[in-house]
Amino acid sequence: MRRSALFAAVLLAALAAARPAVADDTLTVVSGSTVSGAFEVLGFVAERAGFYKEQHLDVVAQYSGNAAIAAQLVASGKADICSLNIGPILSGYEKGLRLVAFFSRDPHYLSVLAVLDDSPIRTLADFKGATLGEYSAGSAAEIAANSELSGAGLKRSDYTYIPIGSGPQAVLALTSKKVAGVAFPYPELANYEVVAGVKFRYFWHPILKDIPNDAYAATPATIASKGDALQRFARANVEAALLVRENPQLAARYFIEGSGAKLTPEAVD
């Protein structure tokens, strides 16, 4: 009996060893942010920690810097997944854009209006005549900002937007008074408070603020044909989120290395 059991164990091991390696599924992810966008941290952690490889995935990341462009690339079949604010998904539906958010990375609506803490702007009505900065022209943050300002009685002609990018150039646009405020994702601004030492006054959308916002999305066709790969992709991102919580310094290192920024002890801390 023991010999039979031993033989069976050896045979199973041999069969397992002879089994061909599972080929990695390729998924193309296009971000509506820049490479330094705050929510891209999960992708960098999942890649550099080996979570994608563990899930037999080859993830190709692209960075459009514009959520609407990212949504259009996925809707047209040029990419599998878009990483974006859900604004373009909602606004694009009536135009025939059919995308489904399958993984939310934050429980709150993240697009906010913000000004420097010493700004004379104290109420939404004070934005009349103001120039607002945004990532890029037509960014998803405009949707929430326009809704918020219209609720305060402002017309679209009462204020203007200009693209200011992200990172140091965005901070400079604010501190030099090139813009009076910004329509930006909150995590990005919270990062500026830590890294650049600036302080903001925030204006949250009264209705949208508690709606899950930043997400990965795909077309119904991709979800149907690549559902298993998308599940493994989501699993790798959950593992990345856990690593961020358990070891934030290592996660910060992965993000900084992946984004191409300068790795310094101060940045990791």
Side-chain angles (χ1 to χ4, degrees), residues 23-47 51-53 55-111 134-144 146 163 165-166 183-185 187-188 208 211-241 255 258-259:
D24 290 349
D25 291 310
T26 298
L27 291 174
T28 301
V29 182
V30 58
S31 173
S33 175
T34 61
V35 69
S36 61
F39 272 99
E40 303 317 310
V41 64
L42 292 185
F44 288 128
V45 170
E47 177 67 35
F51 297 146
Y52 285 147
K53 282 300 179 184
Q55 297 298 327
H56 296 287
L57 294 173
D58 178 19
V59 177
V60 179
Q62 302 173 355
Y63 302 92
S64 70
N66 186 292
I69 292 175
Q72 290 165 9
L73 288 172
V74 170
S76 63
K78 293 182 174 65
D80 298 306
I81 301 168
C82 48
S83 164
L84 75 177
N85 179 300
I86 64 171
I89 299 177
L90 301 176
S91 63
Y93 192 84
E94 63 184 17
K95 301 174 184 177
L97 194 70
R98 297 293 184 264
L99 294 175
V100 178
F102 65 89
F103 187 97
S104 177
R105 294 175 291 186
D106 195 278
H108 303 291
Y109 198 87
L110 301 182
S111 294
E134 58 179 338
Y135 265 144
S136 56
S139 72
E142 282 191 22
I143 297 172
N146 291 342
S166 61
F184 255 49
E188 194 82 16
L208 299 178
I211 296 176
N213 181 216
D214 203 88
Y216 287 121
T219 63
T222 297
I223 290 174
S225 63
K226 298 185 177 183
D228 180 67
L230 295 182
Q231 288 180 22
R232 286 181 275 129
F233 175 82
R235 190 175 297 118
N237 275 267
V238 169
E239 290 181 291
F255 175 56
S259 64

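None of the values given here were measured: they were computed from a predicted structure.
Using a 4.5 Å cut-off on side-chain heavy atoms (C-beta onward), Phe51 and Phe233 make no contact. Using a 4.5 Å heavy-atom cutoff, the side chains of Ile89 and Val100 are not in contact.
With rounding to the nearest 0.5 angstrom, the OG atom of Ser104 is 11.5 Å from the OH atom of Tyr216. Going from atom CG of Asn237 over to atom OH of Tyr52 covers 4.0 Å, rounded to the nearest 0.5 Å. Residue Leu27 holds its CG atom at 6.0 Å from CG of Leu230, rounded to the nearest 0.5 Å. Atom CD of residue Glu134 and atom OG of residue Ser111 lie 10.5 Å apart, to the nearest 0.5 angstrom. Between Ser31 atom OG and Leu73 atom CG the span is 11.5 Å, to the nearest 0.5 Å. Distance check: Gln72 CD to Asn66 CG gives 8.0 Å after rounding to the nearest 0.5 Å.
The minimum heavy-atom distance linking Ala183 with Ala141 is given by the pair O-CB, 3.3 Å. Here the closest heavy-atom approach between residue Lys226 and residue Asp80 is recorded as NZ-OD1, 2.9 Å.
Both cation-pi conditions hold for Arg98 and Tyr93: the charged atom is under 6.0 angstrom from the six-membered ring centre and inside a 45 degree cone around its axis.
Residues Glu40 and Tyr63 bring no donor and acceptor atom of their side chains to less than 3.5 Å of each other.
For Lys53, the side-chain hydrogen bond (donor to acceptor under 3.5 Å, both in side chains) criterion is met by Asp24, not counting sequence neighbours.
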